[in-house]
Amino acid sequence: DGGPETGSSAVAATGANSIAISGSSTVEPISARVGERFDAANPSNSTTVEGPGTGDGFARLCAGEIDISDASRPIKDAEAEDCAANGIEYVELHIATDGLTVMTNPSNTTVDCLTFADLYALTGPESEGLENWSEANALAAELGGFAGFPDADLVVVGPGEESGTYDTYVEFVISDIAEERGQEESTRADYEASANDNVVVQGIAGNPTSIGWVGFAFFEQNADVLRAVEIDGGNGCVLPTIETIASFEYPLSRPLFIYVKTNELGTKSALVEFVDFYLSDEGVEAVGDAGYVELPAEDLEATRAAWAQAKG
Amino acid sequence: MTANSALIDLTGDPRRRRRERTVRFVFMTAAGVSVLISLAIVLSLIEQAWQFVVAIEFDQLLANGWFPRRGRFEFLTLFVHSSIITGIAMLVAVPFGLGSAIYLSEYAKPTSRRILKPILEVLAGIPSVVLGFFALQFLTPSVIRKVFPAADSANFLAAGIGVGILIIPLVASVSEDAMRAVPRALREASYGLGAKQWHTALRVVVPAALSGIAAAIILGISRAIGETMVVALAAGLNGIRNLNPLEGGLTMTGAIANLSVGSDQVAGNDSAFQSLFFVGLMLFTLTLGLNVISERVVRRYRQRY
Amino acid sequence: MATTSTSELVGRSLRRRGRSWVNTTIAGAMLFSLLFSLIVLVVLLADTIVKALPVFRSRGLEFVTANLSSQVDSAGIAQGIMGSLALTFLVIVIAFPLGVSAAVYLEEYARDNRWTRMINANIRNLAGVPSIVYGILGLFLFVKLINQGLFSVADGISGRNLIAGGLTLSVLVLPIMIITTAEALRAVSRELREASFGVGATKWETIRAQVLPVALPGILTGAVLTISRAFGETAPLLLAGAVLSQYFSVSSDAGLVDLVSNQPYTALPLIVYNFARQPETEFVQLTAAAILVLLGMLLSVNAATILLRDRVERRRG
Amino acid sequence: MNLERSPVRLTGGQSPVVDGSPGDERTSVVFDLEELNVFYGSFRAVKDVTVPIRKNEITALIGPSGCGKSTVLRCFNRMNDLIEGARVEGSIRYHGVDLYGDDVDPVEVRRRIGMVFQRPNPFPKSIYDNIVFGPKIAGRKTGLDDLVEESLTKAALWDEVKDKLRDSASDLSGGQQQRLCIARAIATNPDVVLMDEPCSALDPIATLRIEELMLDLKRDYTIVIVTHNMQQAARVSDRTAFFSVDVNEVGQRTGRLVEFDTTDKLFTTPAQTETEQYITGRFG
Amino acid sequence: MNLERSPVRLTGGQSPVVDGSPGDERTSVVFDLEELNVFYGSFRAVKDVTVPIRKNEITALIGPSGCGKSTVLRCFNRMNDLIEGARVEGSIRYHGVDLYGDDVDPVEVRRRIGMVFQRPNPFPKSIYDNIVFGPKIAGRKTGLDDLVEESLTKAALWDEVKDKLRDSASDLSGGQQQRLCIARAIATNPDVVLMDEPCSALDPIATLRIEELMLDLKRDYTIVIVTHNMQQAARVSDRTAFFSVDVNEVGQRTGRLVEFDTTDKLFTTPAQTETEQYITGRFG
Ligand SMILES: Nc1ncnc2c1ncn2[C@@H]1O[C@H](COP(=O)(O)OP(=O)(O)OP(=O)(O)O)[C@@H](O)[C@H]1O
Ligand SMILES: Nc1ncnc2c1ncn2[C@@H]1O[C@H](COP(=O)(O)OP(=O)(O)OP(=O)(O)O)[C@@H](O)[C@H]1O
Ligand SMILES: [Mg+2]
Ligand SMILES: [Mg+2]
C-alpha cells in the first residue's frame, strides 16, 4: 500500500466534524473556496484541502484516509481496484469542466494551430533532447501534422508529472500515437516541470519561443502575457473558450471531478452537508471564481442526481 | 572501647540510598533515548529503503534522470546536483568563513571581538527557508540575472550561494576554535623572529590549526549536502542531469522534499514514494561519514595541544 | 669615534620603513570577510522589508491575525503563528527535561568507559544529521505509528497532529540540548562538588543543590539555541504531517487534547515556504511579510531566554 | 581494638618508625590505618602506611609535594571514591569499624568526618545557606538558626558576619571564606575534621587565626591536617607523620610513611636521618 | 655613547648597587637601561631598573618568582608590545638608539635581537622550516641550506639531526627542541640573544649542553639570560643582576633591581645583605 506512507499523508478521515480533501492541484482552488465558505457557515467544522496531485488523492481515498478526492481525470482501473480491495466505496461527481490549454509566448507568431501529431513531435517521448522547433519537423510531417516549425529555440514548460493536468495531456495528446509507435506513454522528460501552474505560466511568458500547457483557469488569469494555440483534434482548429470547452468542442476539454467516500455518509453528517453545499448554487459559484467552466444546467442536474442517489 | 565500635553505625539512611538509585536510573534512561533515536533513524531508513530496492529493477537506478513516477531512479543525477551546489557553497563559505575566523582569532582586540562575533551568531540564527526565499527572490533576479541574463529562475548558482551563506558561521566558529587552540608560545616564537602579524597569522597559526580547519570544512560540506529548504526553493525540480550552474536541478534533499509535498501515488507505483527513504538513507550515510571523519581530524589537533 | 657611526647605522637599520601595505591589505581582507556576513544580513533584511511593505501598508497587522485563504488578498498566517508557538512549547516540555537528564547522566554519573564514549560520539553525530532525515524519522515513527493507533488517544486519530510535529522537532534538537548542557556541567568546578560531598551530600543532592544552579546560565544558553533552531525548522515538518496548502481550518470547538492530537496544524516557516513557492508578486510580498514576523518572533524568543539567563546569573552574583 | 599494642619501633632505612609515645592510654584511637596502600588505576600512590589517629588531637601529615599526603587524607572520609580508578588496600578502622566495609555508606562517613580543602570553596550561596546545607540534607529541620550561630562562633567568624548572613559567601575575604568552610564542616556535627593545607591560600594573619581556631576546635574534635609548612605543623600539631616519596625509573612517585611520632619528638630528635634532613630544609 | 661614564656606585638599602667593575673599557655597551619602569595597565611590575648590558658577555637576571625578570627581558626586544596594556617608562638604548623611539620598528628590533623561551616552542613544521622561517620572512631566498647547517652547527644540534632535517621538529627531545629554538633564533643573524629560563624545562644533561652552548655562542653574540637556578647563573654568566620584589598592602608585587655586578663579585662578596640571603638560599 503506497497510501499510508505518502509524505503529507494520512489526514485520517476522522471525527464527525472534520473533512479531509486531497488530490488534484487543478481542482484544489475550487474545493478550497467551497471549504472556506462552508466553514464560514459552520465554524465547528474543520476542513483541510491539499493538492499534491490527482493520483495521491486517489491513493489516500482508497487508503481510507480522506473523505473527498479532487481529480482532474477519471479514476484509473488499478486505483479503483485498490479502493475495492480496501472496501472503500465512493461516488464520482462531475463538478466542472476545464480546457487544457496549449499556449506559447505572444511574441511567437509562427504557430497558430497544432495537431496532436505536432504536439507529439514537439513534446512526446521521441522528442527528448530536441532543442529547436525545426528539429521536430521531420517527425511531425511523418505523423501528418502541419510541421513547418521555424528555426528557434524550443523550450517546453508544463505542470509536473504528479498533476492530473499532466496525465490528461498524455492521455489526450500522446497516448494513442505513442502506443502505435511502441513508445512510453509519457512526455519527454526534459521539459521544465513545476508543481505550480503559475510557475508554468511565468516560464512561458518569460520565453519568446516557448510552448507549454496548463489548465484553462490559469491561462485565462494570465491571458495578457500568453497566447493560446488552436488545437486540431481532427475536426479543424478550435480555440479554447468557455463555450468551446463547455460544449467539449475543444478537443482538450476535460471534466473535473470530486470523488466522495460514501462509507461513512450515514454517520458523518458534516460530510453530507459539505457536499450538499458543494453542489448547491452557492457552492457552484466557486467554480467560476476559480476560473473554470461551470457545468451546463443539465450536467449539473445529473451530478446532483448522482449525489442524491449516493446519499440514498 | 570495643563497645564503641557497636555504637558506630555507618550504614546510613536506606531511603536516601534508594532515592539515589531511582534518580540514577531515570537519568540513565534519558541518556538511553539518544541511542534509541539513532537506532530508530537507521532502522526506519533501512527498512523502507530496502522495500524500495527490492521493488525496483537495478537498471532503474541507471535510467536517464530522476523521475520517480516513470520509474527512473538515477541517483547519480541527484548526487551530482548536490555536489555542484555544495561546491559553490564551499566557494562562498570557506574564504569568508576562514577570513572571519582569522580576523577574530588573530586581529580583533577582545573588545571589538565582543562586538563582531555576534554578527556570525545572528547569521547562524536565520532559518534556512528565509535564505531560500532570499536566494530565489533576491540573488537570482537582482544579482545573478544582472551578470548572467541567461540564468534560469531556479539555478544552482543562487542556491549554492544561499547555502554557502548559511554555513559561513559554522566554518568560522569551528576553525576559530582550532586557531585559538594554537598555543601563544608559537605566536611569540614567530614574533620573536621578527615576523609581522600576517606572517604569524598565515604562516604559523593557520598551518598549526590546519587539521581543525580541515574539520571545519568537512563539517561545512556535510551541512551543505544536507541543507534542504534553500535548495527546494532556489534550485528547481529538473530531474535531468544538468551541469550548468545557471540552470537548476533536483538534489538529494530537493527530491525528498518534492516527494513529500506531492509524489502522486498511482496504484502499482509505490516505489515512487519509497524512493524517498532510499535517498534519505544515502543522505544519512553520506553526512554521517563526513561527520565521523571530521571528528577524527578534530581529535588529532585536540590531543596535539 | 667608531661607535657613534654604529649608533647611526643601527638607528637607520631599525627605522620603520612605512606601514607594511601587505600587512594592512591582509588585515583588511580578513575584516571584510567578516563584515560580508553583516552586509548579507543588512541586505537580506532591507530587501525583505521593502518587499513586505505593501502588505503592511494595505493590511496593517490584519494578515497576522487572518487565517489561510485561497484568496491572496485575504490570506493570513495566524495558524502558522499558533502552530509554531505550540510546537515550541512541546519542544520545551519534551526536549529540555530529556536533554538535561541525559547530559547529567553522561557528565555526572556515567563512568568514562567505551560505552559512555560511544554514546557521546553518537550524540555528536546525531547533531550533524540533516534535519530532513529527522523528518523521515518523524513520518515513519510518529505520523505512521500514531495513524496505526499506537499512541492513539481516541479511535481514528490522525497522525498529522501537533504531537507528531512536536516529537519530531524534539528529537531533532535533543542532541544540541544534551551537548550544550554537558558543556555547562563540565564548567562547574570540582571544588564545588567536593565541598558538597564533604558535608555528606549524596550525588543527587549535590547535583540538584549545587551543580545545576551554577550550570543554569549555560543550560539556558543551550535553550536559546534549541528553541530558535526548533522555531525556524521547516524541512522535517514537511514530512512530519504539517499541512502545506492554500486552505485549511481548525474546528472552533476543538478541545486542547483534540487540538494537539487530532486537528490539522502548520507552522510559520512552512507557510513561508508555501507562499514562497507561489510566483505571483502578491505572494512574494506576503512571503516577505511572513518572514519579518518569523524573524521578529525568533528575535523575541531569543531575547526572552537571554534575559532569563541574565536574571539567573545576576541572582547568583 | 589495638590500644594495648605496645609501641612498635621499626628500624632500617625504608621501614617507617611508628612511635606510640607516652600517653597512648590517655587518648583513644579514632582512626587506625594498617598497611594502607592507595592506587590510582595501576599506579600505586601510597605504600604501606600504618598510623593511628588519636581522639582530640591534631595530627599533621607533612612531606614533599606528591608524597601522597592528600591521598591519605582523602581516605579518611572516602573522598577517593569520587576519583575514577582510585583503589584502597589495607584497612582503615574508624572506632573499630572498617571504613571500606560493604555495609558502610560513604555519604554517612562524610557527614561524620568533615573536610576542609586547600582552596576555600564556599557554595555560591548565602553564608547562612552554606552552613545549613549539610544539616538540612541530613534531615535536620529545626533550630537551624542556632546551629548557624553556634558553628560560626566555633569558627571564630560569627562577629564578622552576623549582620550579613544572607549575603553571598563569595564576597568574603579568603581567610573568612576558609573559616566559613570550617564552620560548614563542623555544622554537621562530625567528630573528625580533615584539613588539606587549609592555609596555603591565605596570608600570614589569616593563617594565624586559623591555627588558633584549630587549637580551640581540638577540644571537641579530632583533627587531621596536611601542611607544607613545617613551622605550622610544629606550632599546632600533637603528632606528626612524615611522608617521603620514592621515584621509580619511569618517574612514578610513590609515597611512603617515614616516621610517625609526637611532634616534639619528631622535630627535635627525629629517628630518621631522612626526616631530619627534611625538617632542616636540606631537601624536598 | 656613554662608554666614558665612570662606574657609578650607589649605596643605601633600597637603591641598587650597580658596579661597572674593572674592564668596562674592554667591552662596549649594547643595551643601556636607565630608570626603566614597566607597567601592566596601572600596576607597576618593575621599578627603576638601571643596567648596562655589555657586548659578547652573558648577563644573568636572577631573583625570586614574580620579581619581573621576564618582564625586563621582554623589553629588550619589545615583546611587551604584544601584551595589551603593557607600558614602558624610562629609556632602553640599543647601541645608543632609543629602542622605544617613534621611528623604531619593533619588527626590525626582534629581527636583530633573538629570543629563546622558557618552554621549547618549535613550530609544528620540519626542522628545516623552523630554521628558515625567520630568514625567509626577512626576504632571504638563497643559501638557505648552508644557513641551516651553520645555525644548527652553532647550536650543537647538526650532528644529531642532519639526516632528518625534513622530519617534524615536534619529534625531537625537549633538549633538542630547545637547541633547535636557539638555532632558529641565531639563524636570523641577530647580535643579541635573549633567553628566559631556557633550561627550566630540561633535564640536567640537556641543561649542561645548553650551558656549554651559551659559552660558545657568546663569542659571536651578546646574551641575556633569565634563570631561577643560581648555580647556573654562577656557572655561565659574566655579570648578574639580582632583582627582588616588594609586596604592597593589596598584594601587588613590584620588582626592583637590588644589585648588579660581575658574577664572581655578586656571588662571593655581595654588597647587599638581601642578595647574600637570597644566594645562600635563606629566603625567596
Ligand atoms: N586523581 C589522581 N589521579 C591520578 N594520580 C593522582 C591523582 N591525584 C594524585 N595523584 C598522584 O598521586 C601522588 C600523590 O598525590 P597527592 O596529591 O596525594 O600528593 P600531595 O602530598 O598531596 O602533594 P601536594 O603536597 O602537592 O598536595 C602524586 O604522584 C599524584 O600525581
Ligand atoms: N601579561 C601580564 N599582565 C599582567 N601582569 C603581568 C603579566 N605578566 C607578568 N605580570 C606580573 O608582573 C610581575 C612580574 O612578572 P614576571 O613574569 O616578569 O616575573 P618573573 O620574575 O619572570 O617570575 P618567574 O620567575 O616566575 O618567571 C608579576 O607580578 C606578574 O604577576
Ligand atoms: Mg595535596
Ligand atoms: Mg619569568
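Quick note on labels: first sequence line is chain A, next is B, and so on, each numbered from 1.
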| field | Side chain / backbone / both / neither for D/Leu82 at chain C, heavy atoms under 4.5 Å | value | side chain

| query | Between D/Leu194 and chain C, which part of the residue has a heavy atom less than 4.5 Å away: side chain, backbone, both or neither? | reply | neither

Does [X] reach the side chain of [Y], with side-chain heavy atoms less than 4.5 Å apart?
X        : Y        : value
D/Ile83  : C/Arg190 : yes
C/Phe197 : D/Met115 : no
C/Val199 : D/Arg111 : no

| Close contacts, residues 102-113 of chain C versus chain D, judged by heavy atoms under 4.5 Å | C/Ala110, C/Arg111, C/Asp112

| field | Contacts of residues 114-134 of chain C with chain D (heavy atom under 4.5 Å) | value | none

If you measure from [atom1] on [X] to [atom2] on [Y], what distance do you get to the nearest 0.5 Å?
X        : Y        : atom1 : atom2 : value
C/Gln210 : D/Phe133 : CD    : CZ    : 4.5 Å
C/Glu191 : D/Phe117 : CD    : CZ    : 9.0 Å
D/Asp105 : C/Thr202 : CG    : OG1   : 9.0 Å

| query | Charged N to carboxylate O under 4.0 angstrom, D/Arg74 versus C/Glu194? | reply | yes

| said: Please classify the contact of C/Ser196 with chain D as side chain, backbone, both or neither, using a heavy-atom distance under 4.5 Å. | reply: both

More than 12 heavy atoms of other groups within 6.0 Å of [X] [atom1]:
X        : atom1 : answer
C/Met82  : CE    : no
D/Lys136 : NZ    : no
D/Phe43  : CZ    : yes

| message | To check you understand the geometry: which heavy-atom pair defines the closest contact between C/Leu192 and D/Pro124, and what is its length? | response | CD1-CD, 3.6 Å

| note | Looking only at heavy atoms, the pair that brings C/Ala195 and D/Arg184 closest together is CB-NH2, 3.4 Å

